[in-house]
Number of protein chains: 2
Amino acid sequence: MSTAEGQPLGESAGGHVDPRVRRTRRLLQQALLELLQEKSFADISIQDIAERATVNRTTFYAHFGDKYALADAVIHERFLEAVTSKLPATPGWQLESLRLLISAVFEFLGGLHEYCSPAGGQFDPLMERAVQQELARILLQWLRQAPASSSAHRWSSRPVPLETLAEVMSWAIFGCAAQWSKREEGKLTAGEMSELVLRILVEGTRRLVPGLEE
Amino acid sequence: MSTAEGQPLGESAGGHVDPRVRRTRRLLQQALLELLQEKSFADISIQDIAERATVNRTTFYAHFGDKYALADAVIHERFLEAVTSKLPATPGWQLESLRLLISAVFEFLGGLHEYCSPAGGQFDPLMERAVQQELARILLQWLRQAPASSSAHRWSSRPVPLETLAEVMSWAIFGCAAQWSKREEGKLTAGEMSELVLRILVEGTRRLVPGLEE
DNA sequence: AGCCTCCTGTTGCCTAGACAACAGAGAGGC
DNA sequence: GCCTCTCTGTTGTCTAGGCAACAGGAGGCT
């Protein structure tokens, strides 16, 4: 079973993972999500998680360094899953893809806050990091496949790296959605907010990476 | 891992079972229940079950001889669970316990029929056997603890074994509930049916095993 | 008939996971 | 102070479960 980090455990040949590993990961994630409905993240011990997952405490450490690493994985995977289920089969640098992506972020964060109990204040920053990272990864992927990506550098003497653009956009979307999701009163709907953010981003990127025109 | 039968697997010292075994059994049962909502019992292969449960096909055979054995275990356990959740903490040979037991049977069978898809016709007899067996076991346990059980033999020259009484009662309750659950039209409610069956049983056992008077 | 495909049981070898036992770090309690 | 909990990481040993490969059965197709 070895230590914890090093290599992912059970992943000898590319892509294929031992079903036991898949199962254990799934059980641990599910256990954490269940416990989050009952107590705050701070009050959840690794023993709690292992017990709920029908997994030995030692096994937990074989997969995750600590509960933060588990939470990180949970958010990454659930968010990715939530997003891809809403996106078209072949998303990319198009108005419709971006619209769906943004509204998926709003819905995910909105749902998350009513799902977990008091949220904890310890769980939030962790979750935020994971969502923003995943979001940036998706956007960068789209940007790299955008046909006009090479022309992005022409308008100005100093070219804008796509990595940076993805970062900026991801923070814009995510930050806005996170703040909105924590608001209690006078809240616009997720759809309304998404549309506003979308328009801003379309306007902001039209000279950098065209292709979003309606 | 050894063959299949012999001893329960993983149960070295009394009562304690390896968490992996508990988990695998649970996953296999859950998988069968899920699949039963999608196809009929006859259309479900062991491969289906193993795959859905994230368990190797070989592992299935380490726990259950075939899918019938699994279904048997599912019904036994789910029924027992459903019943004990409805009964008082210390049930026994009392009117209220019997009332709750009977209505639990009606509700369980009623729920089962709307849960599984076409039911299969192959699954039904199997399930029926398991429910009736569990029911008889519970009743016998109550009868044995009934204070007046020794007087049961006095009224007649030929004494009635409690085992037989439990059998008769279990079939009366179960058979009635099973037939009712398959009826489509002009169905009384589960509560009404339970009450009718209860009265009959109270009347029928008052001279054999008293103690049910209201 | 033959061939193909899918499912069933069963085998031996290898690994993920269970468990006990450890040392260490807090957090109270008195 | 010291003592008792509870939780954390880590180690070595043993076992449940994964996987490949087998032989055999039950359709279905031409």
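Computed over heavy atoms, backbone and side chain alike; hydrogens, waters and symmetry mates excluded. The chains referred to below are lettered A, B, ... by the order of the sequence lines, with proteins before strands, and numbering in each begins at 1.
Judged by atom type and distance alone, B:Arg20 reaches the base of C:dG17 through a side-chain donor-acceptor pair under 3.5 Å. Counting atom types as modelled, A:Arg57 pairs a side-chain N or O with a base atom of D:dG9 as donor and acceptor under 3.5 Å.
For the residue pair A:Ser170/A:Arg137, the side-chain donor-acceptor check at 3.5 Å is not satisfied.
Judged as a salt bridge (charged side-chain N to carboxylate O under 4.0 Å, His left out), and not counting sequence neighbours, A:Glu167 has no contacts.
Smallest separation of non-hydrogen atoms from B:Asp66 and B:Ile46: CA-CD1, 4.3 Å. Across all their heavy atoms, A:Leu162 and A:Val209 have their closest contact at CD2-CG2, 4.5 Å.
Residue B:Thr58 places none of its side-chain N or O atoms closer than 4.0 Å to OP1 or OP2 of D:dC19. At least one side-chain nitrogen or oxygen of A:His63 sits closer than 4.0 Å to the OP1 or OP2 atom of C:dG17. Residue B:Thr24 has a polar side-chain atom (N or O) positioned under 4.0 Å from OP1 or OP2 of D:dG17. For the OP1/OP2 pair of D:dG17 and a distance below 4.0 Å, the side-chain nitrogens and oxygens of B:Asn56 include no atom meeting the criterion.
A:Lys67 places its NZ atom 12 Å from the C1' atom of D:dT8, with the value rounded to the nearest Å. Rounded to whole Å, atom C1' of C:dA16 lies 13 Å from atom NE2 of A:His16. Residue A:Leu27 contributes atom CG, which lies 17 Å from atom P of C:dA16 at whole-angstrom precision. What separates CD of B:Gln47 from P of D:dG18 is a distance of 14 Å, to the nearest Å.
Between its two ends, the helix from C:dA1-D:dT30 to C:dC30-D:dG1 turns its axis by 40°, counting five pairs per end and rounding to 10 degrees.
Nearer the 5' end of DNA chain D, as judged by each residue's closest nucleotide, is the contact made by A:Ile46, out of A:Arg23 and A:Ile46.
Note on A:Glu38 versus A:Arg52: salt bridge recorded, some NZ/NE/NH1/NH2 to OD/OE distance being below 4.0 Å.
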Derivation and outcome, salt bridge (Lys or Arg N to Asp or Glu O under 4.0 Å), residues B:Arg25 and B:Glu77: CA-CA 11 Å; B:Arg25 287 222 168 86; B:Glu77 293 185 24; over 6 Å; no

